[in-house]
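One structure is given here, and the rest of the page talks about it.
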Protein chains: 2
Amino acid sequence: MSEIFETPLLNELQRDSTDPLAEPIVVRNAPEQIVERLVTAVALGVYVPGQALPPERELASLLGVSRATVREALRRMTESGFIEQRRGRNGGSFVLEGWRPSSADLIRRHLLPNWSRFEALFDARQLLEPVIAATAARRRGDGDVAALSQALVDYREATDREESRVADERLHRAVAESTHNPVLVGLSAQIRTRISLELGAEPYTPEIRRVAAVQHGMLAEAVIEQDPGRAHSIALEHFGLTEGLVRDLVARVGEAATRESDG
Amino acid sequence: MSEIFETPLLNELQRDSTDPLAEPIVVRNAPEQIVERLVTAVALGVYVPGQALPPERELASLLGVSRATVREALRRMTESGFIEQRRGRNGGSFVLEGWRPSSADLIRRHLLPNWSRFEALFDARQLLEPVIAATAARRRGDGDVAALSQALVDYREATDREESRVADERLHRAVAESTHNPVLVGLSAQIRTRISLELGAEPYTPEIRRVAAVQHGMLAEAVIEQDPGRAHSIALEHFGLTEGLVRDLVARVGEAATRESDG
DNA sequence: TATTTATGGTCTGTGGACCAGACCTTATAC
DNA sequence: GTATAAGGTCTGGTCCACAGACCATAAATA
């Protein structure tokens, strides 16, 4: 009887419909899932452009699949221009620099058509992250302080966009982990990943990085000093900033696109 | 290039690890997913014990799979004692009454071993649902009032545990839907489903149902009257009640289990 | 009572996904 | 110049899902 409770619990954050039987079953085959994991890993900064993914044989054993399957995943990623495979000793699968479409292009082709989904995602983030931040401030333990300070230092020392992204991810994860609740950690990571993935390059201009650095500093500080109220309001403002930026960007590009199609 | 953005976005709310490559790839095959959907549908009250699921051929076409695959899923569910299949005209796959293990049994065999996961889930719920409720109060439109009042009436008119569960689900969904944010609706539904699934029977004693009815009434009212602060605090209290109940239950059964194994 | 019909139950052949593992090719390190 | 660490190729096998035909049963209905 009880094995039915062992079914991996439903994991679909956003099935479009509300009726469990309304949508077709999709068997997510292995290569597809592997691509997703690898793209996620890059989005989260585990591998940065120029770096090689683990060798095929190692990936196969890490992921518990055959090498043929890993190769199929890598083949698709090569085809998409996401990685480049090089042979010989010191070869490997290298994450390409320019795999993200240009900002304007991305927005026109991806962001605009799916704008309502993004809006909901940003909106949810701005509602949920402050709660997570406040909870983190309330619950952080002594062990969390080190991770928070370290992430903050990394962020301040980041010199380019890529390093900023990675440090940003670490800092927000450190905050989420200070809640000591894996569900919240997972939720926060999932929101970040989805935004990072779908958005590609977040608009990390030097100016924005400066503002964000200040906010990150204040956020980490509020958590360290166990001040939930401040953590909440800083997070609110911080995530509002990003949302505002993207909104402006989309508006500008959207207008441009409209003008073009009119002309 | 852009097709890589079309990968169904990562959906795993709670992968245990934080490293995308640390865990094996699991190909969730079709029957497994179908079982999950059907169990979910029952957990959400779409089908109640005694009722028949749709006929196999219809399920196959709804879910976009072959009948053989549906049959495999139903075979597993029959094996687990979840449904009973009857042949002939007016036959079908009937949800069994007693498919949930008894409370104490369930707790001993399932809740105790996974207690930390539940704790995190309840904790997250108590943090997130009040925000959702407050947001619902802030954003509810005229169209939401009808759904809220109707759900409330259903809840009050519910006579047995099963009807209460269904009405409860509807009411909380109506609240979530008043936020007009599909991400929040999905999140709330997912938390509810997981708790409902893993918990099996929530402790719906008549007494609890009376208290919950009052709270539900106040919650719906606060949302209808667009009072975010009240909605927040009522939700906090309401979800605290459930958590407290389960916590007590587990403590009692846990003690009993300890005494037994000592004796 | 006989027939129709809506359901579950059974079978067969086909294609594709994934696996295990051996072996080939290339480019670098030593 | 050789050893080595990577990617590239091939084979044979297993299992899963599909399509579709057909069988068996029990209730509704004529």
Side-chain angles (χ1 to χ4, degrees), chain A residues 7-8 21 23-38 41-42 47 50-96 99, chain B residues 7-8 21 23-38 41-42 47 50-96 99:
Chain A
T7 16
L21 301 187
E23 286 184 28
I25 294 283
V26 192
V27 195
R28 320 239 354 271
N29 59 11
E32 196 179 328
Q33 291 187 58
I34 294 171
V35 169
E36 198 178 296
R37 292 252 190 123
L38 292 174
V42 173
Y47 303 99
Q51 190 179 357
L53 304 177
E56 295 177 349
R57 290 166 176 83
E58 191 179 328
L59 277 177
S61 109
L62 273 174
L63 299 173
V65 298
S66 77
R67 203 180 139 217
T69 309
V70 168
R71 281 186 60 70
E72 171 58 22
L74 294 175
R75 196 195 57 70
R76 292 182 195 181
M77 292 171 75
T78 305
E79 216 175 37
S80 317
F82 188 89
I83 57 169
E84 178 195 28
Q85 294 192 288
R86 293 207 287 269
R87 309 174 44 153
R89 188 162 173 164
N90 279 20
S93 309
F94 294 84
V95 179
L96 288 179
W99 73 273
Chain B
T7 17
L21 301 188
E23 285 184 28
I25 294 285
V26 191
V27 191
R28 321 240 352 272
N29 60 10
E32 195 179 331
Q33 290 186 58
I34 295 171
V35 169
E36 197 177 296
R37 291 252 190 123
L38 293 173
V42 173
Y47 304 98
Q51 191 178 356
L53 304 177
E56 296 176 349
R57 290 165 174 84
E58 192 180 326
L59 276 177
S61 110
L62 274 174
L63 299 174
V65 297
S66 76
R67 201 180 141 217
T69 309
V70 168
R71 281 186 60 69
E72 170 58 21
L74 295 176
R75 195 194 57 71
R76 293 183 195 181
M77 293 171 74
T78 305
E79 217 175 38
S80 316
F82 188 89
I83 57 170
E84 178 195 29
Q85 294 193 287
R86 294 207 286 271
R87 312 175 39 156
R89 187 161 174 166
N90 280 19
S93 310
F94 295 84
V95 178
L96 289 179
W99 73 273

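For the numbers below, each heavy atom of this structure counts, side chains included, while hydrogens, waters and symmetry mates do not. First the proteins, then the strands, lettered A, B, ... as listed; each starts at 1. Predicted, not measured: the structure shown is a model, and the values here were computed from it.
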Nearest-nucleotide 5' precedence on DNA chain C, Gly64(A) against Ser93(B):
Ser93(B)
How many Å lie between CG on Leu74(B) and P on dG9(C), as a whole number?
9 Å
Write down the distance between CD (Glu84(B)) and P (dT25(D)), rounded to a whole number of angstrom.
17 Å
Round to a whole Å and report the spacing from CZ of Arg57(B) to C1' of dC22(D).
10 Å
Looking only at the side chain of Arg67(B) (C-beta and beyond, no hydrogens), which of the listed nucleotides dT10(C), dA6(D), dT4(D) gets closest?
dT10(C)
Check this for me: does any side-chain nitrogen of one of Glu79(A) and Arg76(A) sit under 4.0 Å from a carboxylate oxygen of the other?
no
Heavy atoms of Leu53(A) and Ile83(A) approach each other most closely as CD1-CG2, 4.2 Å
I want to verify a distance call: between dA5(D), dG8(C), dT9(D), whose nearest atom is closest to the Arg89(A) side chain?
dA5(D)
Roughly, in whole Å, what's the span from CD1 in Ile34(B) to C1' in dA17(D)?
10 Å
Which heavy atom of Ala73(B) sits nearest a heavy atom of Val35(B), and at what distance?
O-CG2, 3.7 Å
Within the structure shown, what part of the strands sits under 4.0 Å from Arg86(B) by heavy-atom distance: base, sugar-phosphate, or nothing?
sugar-phosphate
Specify the separation, in whole Å, of atom CG of Leu63(A) and atom P of dC18(C).
13 Å
In this structure, how many angstroms lie between the P atom of dG16(C) and the CD atom of Glu32(A), rounded?
17 Å
Looking at every heavy atom in both Ala52(B) and Tyr47(B), which two are closest together, and how far apart are they?
O-CD2, 4.0 Å
Hey, which of these two, Glu72(B) or Pro54(A), hits DNA chain D nearer its 5' end, going by closest nucleotide?
Pro54(A)
Does a distance-only test, which skips hydrogens and angles, find a donor-acceptor pair under 3.5 Å between the side chain of Arg75(B) and the base of dG9(C)?
no
Given DNA chain C, 5'-ward residue of the pair Ser66(A) and Asn90(B), judged by closest heavy atom
Asn90(B)
Side chain of Arg87(A) only, heavy atoms from C-beta on: which candidate in dG8(C), dG7(D), dC18(D) is closest?
dG7(D)
Apply the side chain to side chain donor-acceptor pair (under 3.5 Å) test between Gln85(A) and each candidate in Glu56(A), Arg75(A), Arg71(A); give the one that qualifies.
Glu56(A)
Rounded off to whole Å, could you give me the CZ-to-C1' distance for the Arg28(B) and dC15(D) pair?
19 Å
Among dA6(D), dG9(C), dA17(D), find the nucleotide with the atom closest to the side chain of Pro31(B).
dA17(D)
Once you round it to whole Å, what is the distance between P of dG20(D) and CD of Glu56(B)?
17 Å
Could you check whether Val65(B) gets within reach of a base, just the sugar-phosphate, or nothing at all, counting any heavy atom under 4.0 Å?
sugar-phosphate
